[in-house]
Number of protein chains: 2
Amino acid sequence: MEYNEKQVQIMETAETLFAEKGFNGTSVRDIADKAKVNLAMVSYYFGSKDKLLEALFTYRGEGIKLKLESMIENKEMSALEKMNWLIDHYIDKVMSQQCFSRIMAREQVMNHTGATAELIYQMKKRNQEMISRLIHEGQKKGEFKKNIDVPLMMATLIGTANNLVTTQYYYREINNLQSMPEEEFQKHIRKKLSQHLKKIFKAILTNEE
Amino acid sequence: MEYNEKQVQIMETAETLFAEKGFNGTSVRDIADKAKVNLAMVSYYFGSKDKLLEALFTYRGEGIKLKLESMIENKEMSALEKMNWLIDHYIDKVMSQQCFSRIMAREQVMNHTGATAELIYQMKKRNQEMISRLIHEGQKKGEFKKNIDVPLMMATLIGTANNLVTTQYYYREINNLQSMPEEEFQKHIRKKLSQHLKKIFKAILTNEE
DNA sequence: GTTTAAATTAAACATTTGTTTAGTTTTGCC
DNA sequence: GGCAAAACTAAACAAATGTTTAATTTAAAC
């Protein structure tokens, strides 16, 4: 699907507002005002507010999909190296699309059916399969332990990242980093989160009991 | 604060609806209808919809607070045993109050100010301090490593638990547990989550590099 | 320049929203 | 029973909501 300049403008404005105030907490007028377009343009281009959310998901959905195909076939990387690469890749996606990640996290809480729920589900399934493949590969090579609960690993990966993103103001305060420039702070938590998750995954996947 | 039967009825109905459809996605009429009370009773007893949410938070907030005071002073438990106890205690709270946990997770995403945000913040801070104390105790005893990032540990504890609770339907499907009775399934994921988090915490807190 | 379709607009639309009002019923107390 | 306070109700209220309409402007094609 191709979107023109104005459509993108509307979607990206909606994105920040949905992330901030939630889908139901944001009115079409809020979006139109902030995007500086006429109220009717939202319906004109997207049909409805629900369809706008759907459009946002297909628009951003591509960008947040994990791109692991080429890496996964790499014969020179160990299974653990691949897993570390995946963690960094995932963190990159979440941190560079924080608004969209927030929306996804919130929509995930609602177990309502619909096009967006279906998209989230497919994305989850796809990621799950990739991680499973990676783990099974590591197990075959003898690098990883048996009896890995993949969904729980995913819950930790996704849950930890989401939680940090949504409570970063808190992380900043606790660690007395209020004076740190925003950009530097983003790099900081990205690095910390990466180290943290890699340590966890290494421990769970390789450590002996 | 004391609540009469009807007030509790309204709050608990609101709780399930807020968890399901979100605060803004739930109308006062939805609540009144499902609770089988007159529409005006919500305003009559709570003043407003916002105040109802606040009331729910003070009503449930007590129940979800971690009760660690007596355990934390126990001289016969090792620091790791205490940490494991805390993990189980936390999981108990989340799993037995899933609706409220969902609401908290969602409200946390919204960084809006207000009474409920303040309550969540105080709860977070309180938990943070307890866990910090526990970890510092373990470090003093030489049981735990230095350089533990407490907020990241919390993000993993809370994030993993929340993520599992909100996507349990998915966990059920992936593991082909659709036929398992609900009660048994709840016990199942509680146990799995407990093992998983304990393993992570042990690895992060005690393992050598 | 004319024509046709797309883009844009202000206004109107019908619902739904949270809240209040004004009245009625119930309850507890003397 | 009489009475006052609390509990409860149906109706009304104004404001906000998502969406549509009907008219106007802009753009492109011929």
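Proteins come first, then strands; the chains are lettered A, B, ... in the order of their sequence lines, and each starts at number 1.
Per the geometry, CG belonging to Asn4(A) stands 14 Å off C1' belonging to dA27(D), to the nearest Å. Whole-Å rounding puts the Gln7(B) CD to dA6(D) P distance at 13 Å. Between Phe46(A) atom CZ and dT8(C) atom C1' the separation is 15 Å, expressed in whole Å. The separation between Gln9(A) atom CD and dA7(C) atom P is 15 Å, rounded to whole Å. When rounded to the nearest whole Å, the span between CD of Glu5(B) and P of dA7(D) equals 13 Å. In this structure, the CG atom of Asp33(A) is 14 Å from the C1' atom of dT17(D), given to the nearest Å. Rounded to whole Å, atom P of dA10(D) lies 12 Å from atom CE of Met41(B). Counting to the nearest Å, the P atom of dT20(D) and the NZ atom of Lys51(A) are 9 Å from each other.
Annotation: cation-pi geometry not satisfied between Lys6(A) and Tyr45(A) (NZ/CZ under 6.0 angstrom from ring centroid, within 45° of ring axis). Lys49(A) forms a cation-pi arrangement with Phe23(A), by the criterion of a distance under 6.0 Å to the ring centre and an angle within 45° of the ring axis.
Across all strands shown, Tyr45(A) has heavy atoms under 4.0 Å from sugar-phosphate atoms exclusively, and none from any base.
Remark: Asn38(A) is not in phosphate contact with dA7(C), judged by side-chain N or O atoms under 4.0 Å from OP1 or OP2.
Comment: Glu183(A) does not engage Arg190(A) in a salt bridge, judged by the lack of any side-chain N to carboxylate O separation of less than 4.0 angstrom. Salt bridge annotation for Lys34(A)-Glu12(A): absent, with no cationic side-chain nitrogen under 4.0 angstrom from a carboxylate oxygen.
Put simply, the side chain of Pro151(A) does not reach to within 4.5 Å of the side chain of Thr167(B), judged on heavy atoms.
A ring pair (Phe, Tyr, Trp, His ring centres under 6.0 Å) with Phe100(B) is found for exactly one of Phe57(B), Phe18(B), Tyr59(B), namely Phe57(B).
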Once base and sugar-phosphate atoms are separated, protein heavy atoms under 4.0 Å mark nucleotides 15-22 of chain C, 5' to 3', with B, S and - as --BBBB--
